[in-house]
Amino acid sequence: MDYKKLSELIFPNVTVTPEELEEKYPKRELPEGARVTRFAPSPTGFIHLGGLYQALLDSHLAHQSGGVFFLRIEDTDRKRLVDGAIEGIINTFSSFGIEFDEGATADGEKGSYGPYRQSERKEIYHVFAKKLMSEGRAYPCFCTPEELEAQHERQTVAKADPGYYGEYAVCRDLPLEEIEKRLAENKPYIVRFRSEGDKTKTVAFKDEIKGELLVPQNDNDFVLLKSDGLPTYHFAHAVDDHLMRTTVVVRGEEWLSTLPYHLELFYALGFKRPQFAHTAHIMKNENGGKRKLSKRKDPEAAVTYYAENGYTAEAVKEYLWTLLSSSFEEWRRANPTLPSSEFKLKLSKMSISGCLFDMDKLNDVSRNYLSRLSGAEVMALLDSWAPEHDKALYTLMEKDRAKIEAIVSVGRGGQKPRKDLTTLKDVFPYVSYFFEEHFVPSESEKLKSPDARAILADYASVWSENDEQTEWFEKIKALAARHGYCPDTKQYKADPTGYKGHVGDVSAIIRLAVTGRESTPDMCAVMKILGKETVIKRLLAE
RNA sequence: GGCGCCUUGGUCAAGCGGCUAAGACACGGCCCUUUCACGGCUGUAACAGGGGUUCGAUUCCCCUAGGCGUCACCA
């Protein structure tokens with residue numbers, strides 16, 4: 001067989017050589033050890049938590065090594081394109097502080113290793129397909145989908161491995177004349193790879209996350225070019241990651257099963273293969289079983305879920321980091337204020353088995369994150385979050401932003417900050433009772449007794465908004481004593497004889513009357529913010 | 001079903017031939033405390049099962065089971 005002639009027959013218009021492309025996309029000039037990574041989604045919709053997980057890892061690997069992180073759009077499946085998806089992807093990542101150094105942009109692209117949309121790289125793929133064909137490593141296949149399906153059924157019945165190989169690879173050695181004839185008849189065809197592997201043999205492979213693996217050789221003549229001339233993932237991956245000079249391919253572990261394709265393909269193409277890092281899946285618990293987090297069934301799988309529910313981007317990232325690396329939490333405790341981008345990640349410390357998504361843990365991480373912020377920082381977060389996600393809160397912010405900042409600032413800072421807020425959604429109920437229109441007086445029986453009425457009336461006459469902590473507390477103690485409550489909790493617990501209760505009970509009554517709640521930050525601070533008029537009114541309310 | 005990956009408490013996990021098998025979340029108790037929190041202390045709870053190798057296996061090897069993934073002209 002004259003493979004050279006075959007390749008000219010199939011690709012008459014391809015005149016560019018692989019060497020010219022190698023020259024056009026030269027090895028990147030980067031510092032020693034710099035990593036080039038990419039996020040390569042197909043623009044079929046919006047970002048899944050697993051995608052965020054990978055992008056976080058990609059950008060971290062590149063940026064911490066002085067390398068490059070780029071966005072490549074895998075839009076070779078024309079049937080599944082979704083309008084605006086690219087812009088959505090970029091915006092979503094941007095909202096998480098993940099930026100691309102090069103690659104596709106909403107309306108074009110940046111960088112000199114493009115095009116970054118696979119649909120615009122057809123000619124490039126054809127150059128390499130032609131090269132493979134001229135070397136006998138690729139061939140046209142005229143099998144129809146129906147024929148392939150029938151063959152697949154035969155394989156199933158015969159308990160043979162599915163695929164296009166050996167006796168099943170019917171187009172593998174078609175004579176040149178036959179090919180010419182079918183071409184002349186305008187028969188549609190695809191281009192397949194000619195595998196030389198032996199499935200019964202395995203090769204050692206080192207994954208950057210999973211470690212040493214044993215993978216079988218490939219023997220499947222998988223598809224390189226589809227009938228529309230666009231490449232399959234496998235072929236595009238090899239060509240693009242080589243030409244774009246990717247050094248580490250980070251992708252989900254679902255790709256492990258086709259890794260043999262890629263390994264053989266890189267070798268046949270004469271490309272040095274990049275490193276591979278296959279990440280474990282984030283799973284979801286359902287009826288006691290595990291399964292991959294699904295965008296269809298699980299709202300928390302969509303990255304947009306978090307902003308909608310008041311989780312800040314930083315908190316989500318922080319949580320993802322705890323999943324990404326077992327040493328992150330330890331690092332965080334040692335460095336409570338550093339941005340997570342400072343964390344030194346070791347791929348070898350990454351978890352290799354799939355983990356269950358844990359909302360409790362996310363809540364804890366989010367709560368801790370918010371507790372470390374200053375009041376002003378919380379307000380900045382609210383400024384961008386509330387207008388879209390919490391109209392009621394935003395209305396209050398417009399009305400009296402300073403008051404809200406004062407409220408959320410109570411008990412912040414220092415070594416042991418309050419942790420009242422788990423998400424930004426908690427802010428509204430946290431501040432609402434400071435506003436008359438949202439204040440709901442307590443219906444509790446505790447306030448209805450004559451005793452409670454007397455305490456509140458008495459307190460209204462002694463409280464002053466100018467009192468500082470110590471003075472404020474002394475007044476409460478004195479008040480407690482006057483009404484038959486023990487001013488000292490410890491003493492009361494030692495011997496409650498002769499008391500109606502202790503000073504804590506008195507505080508509880510005041511809190512309930514003034515705020516309508518049983519749990520609020522420090523009452524001294526709360527009442528100062530509420531102001532004299534409101535406090536007195538609520539203390540004396542019937 | 002074939003093939004591959006994975007398997008330490010409810011969850012995330014440390015461990016890398018010898019440990020009373022860390023820590024975090026969640027849950028329970030106690031303490032601290034003017035209230036509300038924070039915090040401190042503490043408790044329940046794990047090496048999937050079976051064979052080897054070894055003086056000794058959570059750690060190394062094999063088998064079984066289970067979970068996950070994948071078997072497209074989708075990525």
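Chain letters run A, B, ... following the sequence lines, proteins first and then strands; every chain starts at 1.
- Residue pairs that meet the salt bridge (Lys or Arg N to Asp or Glu O under 4.0 Å) test with at least one member in residues 138-156 of chain A, sequence neighbours left out, do not exist here.
- With sequence neighbours excluded, the residues satisfying salt bridge (charged side-chain N to carboxylate O under 4.0 Å, His left out) with A:Glu74 are A:Arg72.
- Looking at residues 472-484 of chain A, you'll see A:Trp472, A:Phe473 sit with a heavy atom under 4.0 Å from some atom of RNA chain B.
- Checked against salt bridge (charged side-chain N to carboxylate O under 4.0 Å, His left out), A:Lys206 has the following partners two or more places apart in sequence or in another chain: A:Glu208.
- Pairs of Watson-Crick or G-U wobble type, with distances under 3.5 Å, assemble into runs of 3 or more in RNA chain B at these ranges: B:1-7 with B:65-71, B:10-12 with B:23-25, B:27-31 with B:39-43, B:48-52 with B:60-64.
- For the C1' atom pair drawn from B:rU8 and B:rU34, the interatomic distance equals 46 Å after rounding to whole Å.
- The separation between A:Trp331 atom CH2 and B:rG23 atom C1' is 18 Å, rounded to whole Å.
- Applying the salt bridge (Lys or Arg N to Asp or Glu O under 4.0 Å) rule to pairs touching residues 499-510 of chain A yields A:Asp451-A:Lys500, sequence neighbours excluded.
- Residue pairs meeting the salt bridge (Lys or Arg N to Asp or Glu O under 4.0 Å) criterion with at least one partner in residues 349-369 of chain A, sequence neighbours excluded, are A:Glu329-A:Lys361, A:Asp364-A:Arg367.
- Sorted by first and then second residue, the salt bridge (Lys or Arg N to Asp or Glu O under 4.0 Å) pairs with a member in residues 37-49 of chain A read A:Arg38-A:Asp241; sequence neighbours excluded.
- Annotation: proximity of residues 358-367 of chain A to RNA chain B (heavy atom, distance under 4.0 Å) is found for A:Asp358, A:Asp360, A:Lys361, A:Asp364, A:Arg367, numbered in ascending order.
- For residues 248-255 of chain A, proximity to RNA chain B is found at A:Glu253, A:Glu254, A:Trp255, defined as any non-hydrogen atom under 4.0 angstrom from a strand atom.
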Check the interface with nucleotides 13-16 of chain B: list each N/O to N/O pair with the protein under 3.5 Å, or write none.
from   : atom 1 : to       : atom 2 : distance (Å)
B:rA13 : OP1    : A:Ser351 : OG     : 3.1
B:rA14 : OP1    : A:Ser326 : OG     : 3.1
B:rG15 : OP1    : A:Lys349 : NZ     : 3.0

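- Counting only N and O atoms by type, the side chains of A:Asn309 and A:Glu300 include no donor and acceptor under 3.5 Å apart.
- For the segment residues 224-234 of chain A, the set of residues with a heavy atom within less than 4.0 Å of an atom of RNA chain B comprises A:Lys226, A:Ser227, A:Pro231, A:Tyr233, in numerical order.
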